[in-house]
Amino acid sequence: MDEQESKRDGVKKSVKAGITFGSALAMVISYCNWHSVGWAIFHGLLSWVYVIYYIIRY
């Protein structure tokens, strides 16, 4: 494995971790505000979009 492939793998792992964290954060924020599992799932699918919306709105 050369250096470029190693960097690419590191970027892929970082992006996946960021998306996962964004989804979890969106779901927690949503559930705390709305007390609804349905909304939490929906906002988890929106991920970082909902997190940024929440920061701007509140």
Side-chain angles (χ1 to χ4, degrees):
M1 182 183 291
D2 65 347
E3 185 179 335
Q4 189 172 9
E5 285 181 32
S6 178
K7 286 181 183 179
R8 214 175 301 141
D9 287 341
V11 170
K12 286 180 184 179
K13 288 178 184 177
S14 297
V15 169
K16 186 175 180 180
I19 291 171
T20 304
F21 178 73
S23 294
L25 182 59
M27 292 174 82
V28 169
I29 290 171
S30 178
Y31 188 79
C32 288
N33 282 331
W34 301 105
H35 304 289
S36 169
V37 174
W39 278 118
I41 291 170
F42 176 70
H43 292 140
L45 293 173
L46 294 177
S47 188
W48 284 108
V49 175
Y50 181 71
V51 173
I52 293 169
Y53 164 78
Y54 181 81
I55 290 170
I56 292 170
R57 177 87 169 135
Y58 302 101

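The shown structure was predicted, so the numbers you read here are calculated from the model rather than taken from an experiment.
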Asks: How would you list, by chain and number, every residue that makes a ring pair (Phe, Tyr, Trp, His ring centres under 6.0 Å) with Tyr31, sequence neighbours excluded?
Replies: none
Asks: Membership question, hydrophobic clusters at under 4.5 Å side-chain separation (ILVMFWY): are Leu25 and Ile19 in the same one?
Replies: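 Shared cluster, no.
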Asks: Apply the hydrophobic cluster definition, ILVMFWY joined by side-chain contacts under 4.5 Å directly or through others, and give me every member besides Ile52.
Replies: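 Ile56, listed by chain and number.
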Asks: Identify every side-chain donor-acceptor pair in residues 40-50 under 3.5 Å, counting partners at least two apart or on other chains, and give the distances.
Replies:
from: His43; atom 1: ND1; to: Ser30; atom 2: OG; distance (Å): 2.6
from: His43; atom 1: ND1; to: Trp39; atom 2: O; distance (Å): 3.1
from: Ser47; atom 1: OG; to: Ser23; atom 2: N; distance (Å): 3.4
from: Trp48; atom 1: NE1; to: Gly18; atom 2: O; distance (Å): 2.8

Asks: Quick check: is Ile55 connected to Val28 through a chain of hydrophobic side chains (ILVMFWY, heavy atoms under 4.5 Å apart)?
Replies: no
Asks: Go through the structure and list residues passing side chain to side chain contact (heavy atoms under 4.5 Å, CB included) with Val11, not counting sequence neighbours.
Replies: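 Scan of Val11 (side chain to side chain contact (heavy atoms under 4.5 Å, CB included), adjacent residues dropped) gives Val15.
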Asks: Who passes salt bridge (Lys or Arg N to Asp or Glu O under 4.0 Å) against Lys7, sequence neighbours left out?
Replies: Glu3
